[in-house]
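Worksheet: one structure, shown below.
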Amino acid sequence: MNRSVRNRTHHHNHHADNTDSTTRTTTRRRLRVLAVPAAALLAAGAAGTALAVPSADAAHPTARPATAQSAAGTQEDPRLTGSAKLRRADGDDVRFSFDARFRRDETPDKARGTFAFRHVGKGGSGWAKGRVDCLVTGGKVAVTSGIVTATDIRGLKGKRVGFSVHDVGGRGTGDRLGYSWAATAGPADTKDLPPCVSSAPFETVERGDFTVVPWDEPVG
């Protein structure tokens, strides 16, 4: 075999080895991506996070209304209500819904109501819903928390989660939302969260609307 033939043969074998190595590496990477657990989908930041609960109308999840109050007191009572879909560049469908309130002659720890959230994405989906146990509102900002009563996210049921909302204005004007697991791997990884604790409202609403009624603490 002359030198040029040997060189061509060596080059072909080297190229085949590289191709096989690249294929094995790519396959391993794909397997690692597919093996990511559902809880990782809740990680905050650009990956987007919060998995949420499908409702009777999957396009517009709503929380169950809280205990009815008198018509005379409803408008003045502190509350956080509404449903919205978050803006996500990756196309994931992330929605939150709240119906939280307390009478203005009560304290934030007497808040009652419900919350729900759902995340449907290319990598997986999940949901959770629960009962409100705290609400504080000031101006057009609300912070609420509650205990998860039903979910398909492992380790989350029975834990407290928190949310923050900035009611910017009318429908379609870009209300903002945050959640207590913004700096952790997910809501199930947040241990011993106190009532009414959340992150800043860093997410932006794409469609829907939240309403915040401020708490004017009565002067005793």
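Between the side chain of Asp99 and the main chain of Gly113, no donor-acceptor pair closer than 3.5 Å is present. No donor-acceptor pair under 3.5 Å is formed between the side chain of Lys110 and the backbone N or O of Arg101. Counting only distance, with no hydrogens or angles, the side chain of Asp167 and the backbone of Lys140 share no donor-acceptor pair below 3.5 Å. Under the 3.5 Å distance criterion, the side-chain polar atoms of Thr204 are left unmatched by any main-chain donor or acceptor of Arg176. Side-chain atoms of Lys159 come within 3.5 Å of backbone N or O of Ala188 as a donor-acceptor pair.
Annotation for Asp152 and Trp127: closest pair OD1-N, 2.9 Å, computed over non-hydrogen atoms. The shortest heavy-atom contact between Ser198 and Ser164 is OG-N, 3.4 Å. Summarising the geometry of Val94 relative to Arg88, their closest heavy-atom pair is CG2-NH1, 3.4 Å, with the distance given to 0.1 Å. Nearest approach of Leu193 to Gly162, heavy atoms of both residues: CD2-N, 3.6 Å. Between Val132 and Ala100, the shortest heavy-atom distance links the atoms CG2-CB, 3.8 Å. Between Val141 and His166, the closest heavy-atom pair is CG2-CD2, 3.9 Å.
Judged by distance alone, the side chains of Arg131 and Thr149 never bring a donor and an acceptor atom under 3.5 Å apart. A donor-acceptor pair shorter than 3.5 Å cannot be found between the side chains of Asp93 and His119.
For Arg160, the salt bridge (charged side-chain N to carboxylate O under 4.0 Å, His left out) partners at least two apart in sequence or on another chain are Asp133.
Inter-residue side-chain proximity for Arg104 and Arg79 is flagged as unmet; no heavy-atom pair is nearer than 4.5 Å. Looking only at side-chain heavy atoms (C-beta outward), Val205 and Phe96 stay at 4.5 Å or farther from each other.
The OG atom of Ser97 sits 9.0 Å away from atom CG of Leu80, with the distance rounded to the nearest 0.5 Å. In this structure, CG on Leu135 lies 11.0 Å from OG1 on Thr107, to the nearest 0.5 angstrom. Considering CG of Asp77 and CH2 of Trp215, their distance stands at 12.5 Å, rounded to 0.5 Å.
Salt-bridge check for Arg112 with Glu106: passed, with a basic side-chain N closer than 4.0 Å to an acidic carboxylate O. Classification of Arg87 and Glu203 as a salt-bridged pair fails, no side-chain N sitting under 4.0 Å from a carboxylate O. In this structure, Asp105 pairs ionically with Arg103, as a charged nitrogen and a carboxylate oxygen lie closer than 4.0 Å.
Considering Val212, Val213, Thr137, Val136 in turn, Thr137 is the only one that fulfils the side-chain contact (heavy atoms from CB on, under 4.5 Å) rule with Pro78.
Neither Phe202 nor Val197 shares a network with the other; the hydrophobic side chains, linked directly or stepwise wherever heavy atoms of I, L, V, M, F, W or Y lie under 4.5 Å apart, form separate groups for each. Tracing side-chain contacts under 4.5 Å through hydrophobic residues (I, L, V, M, F, W, Y), one never reaches Leu86 starting from Val143; they form parts of separate clusters.
Under a cut-off of 6.0 angstrom, the local environment of NZ in Lys85 is crowded, with over 12 non-hydrogen atoms contributed by other residues, nucleotides or ligands.
Using the six-membered ring where Trp is involved, Trp181 and Phe163 have ring planes that are perpendicular, over 60° apart on the 30 and 60° scheme.
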>> Under the criterion side chain to side chain contact (heavy atoms under 4.5 Å, CB included), I'd like the reasoning laid out for Phe98 against Leu177: C-alpha separation, chi angles, the key distance, then a yes or no.
In response: CA-CA 12 Å; Phe98 305 101; Leu177 180 142; 3.7 Å; yes
